[in-house]
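Data first, discussion second: the structure below is written as C-alpha cells.
Labels below follow one simple rule: chain letters A, B, ... track the order of the sequence lines, proteins then strands, and each chain is numbered from 1.
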There are 2 protein chains.
Amino acid sequence: MDLNNDQPFEQMHFVEEVGLMFELIGMPRMSGRIFGWLLISEPPQQSNTALAEVLQASKGSISTMTRFLIQLGLVERVSVPGDRRDYFQIKAHAWSQLTKQRLVQIGEFRKLAARGLDLMTSAPPQYKRRLQEMHDIHAFWERELPLVDERWEQEEAKQRIGKDT
Amino acid sequence: MDLNNDQPFEQMHFVEEVGLMFELIGMPRMSGRIFGWLLISEPPQQSNTALAEVLQASKGSISTMTRFLIQLGLVERVSVPGDRRDYFQIKAHAWSQLTKQRLVQIGEFRKLAARGLDLMTSAPPQYKRRLQEMHDIHAFWERELPLVDERWEQEEAKQRIGKDT
DNA sequence: CTAAATGTTCAGTAAACACTGAACATTTAG
DNA sequence: CTAAATGTTCAGTGTTTACTGAACATTTAG
C-alpha cells in the first residue's frame with residue numbers, strides 16, 4: 001500500500017471504501033475514490049491536479065473519471081474567474097440524478113419484457129407468466145419511483161427551512 | 001457469430017439482449033443469457049445440458065452461472081422424481097428478491113455516509129451538507145423501499161384473482 | 001461389474017477493463 | 001515570441017474477470 005501522502009489514514013480509508021462501493025455497483029473504482037474524496041475534502045471544490053496528488057493517480061485517469069462522474073450527473077465542474085484551473089464538486093441533488101438513471105434502466109427492462117412477450121404470442125398462457133410478471137413489476141416501479149423521489153424532494157425542502165441554504 | 005443451432009434468430013437475439021442488460025448492471029453476461037432463455041423457453045424448466053446446448057456454452061460455465069443465479073434468488077432448481085437431471089426455472093417473485101438486495105446496498109451507503117460524517121465532526125457545517133444529504137436520502141429510501149415493495153405484492157395478488165394461480 | 005449420462009471443480013486461457021504515462025493542445029504570464 | 005501550467009487523448013500495459021475444457025465424482029442402466 002502506498003501511503004506516500006500526508007492525508008490522515010482514516011480519510012484515505014474512507015476514500016478507499018467509497019471506491020470499493022462504486023466497484024460493487026459496477027463502476028470504476030477510481031471514479032469512486034474521486035467521489036469519496038469530494039465528499040470529505042476541504043474545501044469541497046478540488047482541482048484536477050489536487051485530485052491526482054491526493055489519490056496518487058495519473059492525470060489521465062483523473063481526467064477520464066471526472067468526465068465520467070459529470071456524465072452521470074454526480075459531479076459538476078466549477079470555474080473561478082481569474083483561475084484557469086477547473087474545480088470539481090459534488091452536485092447538489094446528485095442522488096436524485098442516480099434515481100433518474102435508474103428509471104431509464106427500469107424502462108429498458110420493461111421494454112425487454114414486452115419484446116419477450118411478442119415472441120410468445122402463441123404460447124400457452126401459463127408460459128407467459130414469467131415475462132408478464134417481469135413486465136408488470138417494472139411498469140409499477142416506473143410509475144412509483146418518480147412519485148417517491150418527488151416526496152423526498154419535498155421532505156428535504158422542508159428540512160432546509162431554518163438551516164438557510 | 002455462431003448460429004450453429006436451430007433456435008429462431010429472434011429468440012437468440014432476445015437472449016443476447018438480456019445478456020447485455022445483465023452486463024450493464026454489473027453481472028456476468030452468461031448469467032443474463034441463461035436468465036433470458038429461462039424467460040422464454042418452453043417448457044420454463046431447462047436442464048443444465050439443454051442450456052449448454054442452446055446457448056453454445058461450456059458445461060462449466062452453465063454450472064457456475066446457474067449457481068450464481070440461484071444465489072441471487074432469481075432462479076431455482078427443480079427436480080423430477082425418476083429423472084436425475086436437475087432443471088432450472090425462474091423463481092416466482094424473483095424481482096422482489098432483487099429489491100431486497102438493493103435495500104442492503106442502500107443501507108451500506110447510509111452507513112458509509114455516517115462514517116464520513118464522523119470524520120468531519122469539527123468541520124464547518126456547510127462542508128457537511130454533502131454527506132448529510134447522502135445520509136438522509138439513503139435513510140429515506142431505506143424506509144420507503146419496503147413499503148412500495150409491499151404495495152406491489154398486494155397489487156399483484158389482486159390481479160391474480162380470477163386468473164387462477 | 002462396466003458404460004453412459006449428469007454434474008462439479010479447477011487450472012489455464014482469452015477477453016475486457018482500468019490505469020499509466022507520454023504526446024499533444026490550449027491558455028496564461030512574462 | 002517562449003516557458004510554465006493545465007488539461008485531454010490515446011496507445012500500451014497490467015490486472016481482473018469470464019469462460020473453456022479436462023479431470024474427477026456420482027448416479028443410473030444394463
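- The heavy-atom pair separating Ile90(B) from Glu76(B) by the smallest distance is O-OE2, 4.4 Å.
- Considering Ile34(B), Ile62(B), Asn48(B) in turn, Asn48(B) is the only one that fulfils the side chain to side chain contact (heavy atoms under 4.5 Å, CB included) rule with Phe88(B).
- Nearest heavy-atom pair, Glu10(A) versus Leu119(B), reported as atom, atom and distance to 0.1 Å: OE1-CD2, 3.4 Å.
- If Arg84(A) and Gly82(B) are placed on DNA chain D by their nearest nucleotide, the residue sitting closer to the 5' end is Arg84(A).
- The phosphate of dT8(D) has OP1 or OP2 within less than 4.0 Å of a side-chain N or O from Arg77(A).
- Note: OH (Tyr87(A)) to P (dT6(D)) measures 9 Å, nearest angstrom.
- Taking every heavy atom of both residues into account, Glu142(B) and Gly107(B) meet most closely at OE2-CA, 3.4 Å.
- Whole-Å rounding puts the Asp86(A) CG to dT27(C) P distance at 12 Å.
- Remark: DNA chain D forms stems of 3 or more consecutive Watson-Crick or G-U wobble pairs, all pair distances under 3.5 Å, at C:1-30 with D:1-30.
- Ring geometry for Phe35(B) against Trp95(B) counts as perpendicular: the plane angle is over 60°, on a 0 to 90° scale with 30° as the lower cut.
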Between the protein and nucleotides 17-21 of chain D, list every N/O to N/O distance that falls short of 3.5 Å.
residue : atom : partner  : partner atom : Å
dC19(D) : OP1  : Met30(B) : N            : 3.4
dT20(D) : OP2  : Ser58(B) : N            : 3.2
dT20(D) : OP2  : Ser58(B) : OG           : 3.1

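- Using modelled atom types and a 3.5 Å distance limit, the side chains of Arg102(B) and Gln105(B) yield a donor-acceptor pair.
- The nearest whole Å value for the distance from the CZ atom in Arg67(A) to the P atom in dA18(C) is 14 Å.
- Remark: Asn48(B) is in phosphate contact with dT8(C), judged by side-chain N or O atoms under 4.0 Å from OP1 or OP2.
- For the pair Asp136(A) and Gln159(B), the tightest heavy-atom approach, listed with the atom from each and the gap, is OD2-OE1, 3.6 Å.
- Rounded to whole Å, atom C1' of dT6(C) lies 16 Å from atom CD of Gln46(B).
- Between Thr49(B) and dG7(C), a side-chain N or O to OP1/OP2 separation shorter than 4.0 Å is present.
- Residue pairs that meet the salt bridge (charged side-chain N to carboxylate O under 4.0 Å, His left out) test with at least one member in residues 143-152 of chain B, sequence neighbours left out, are Glu144(A)-Arg151(B), Arg151(A)-Glu144(B), Glu155(A)-Arg143(B), Lys100(B)-Asp149(B).
- The minimum heavy-atom distance linking Val78(A) with Gln89(A) is given by the pair CG1-NE2, 3.5 Å.
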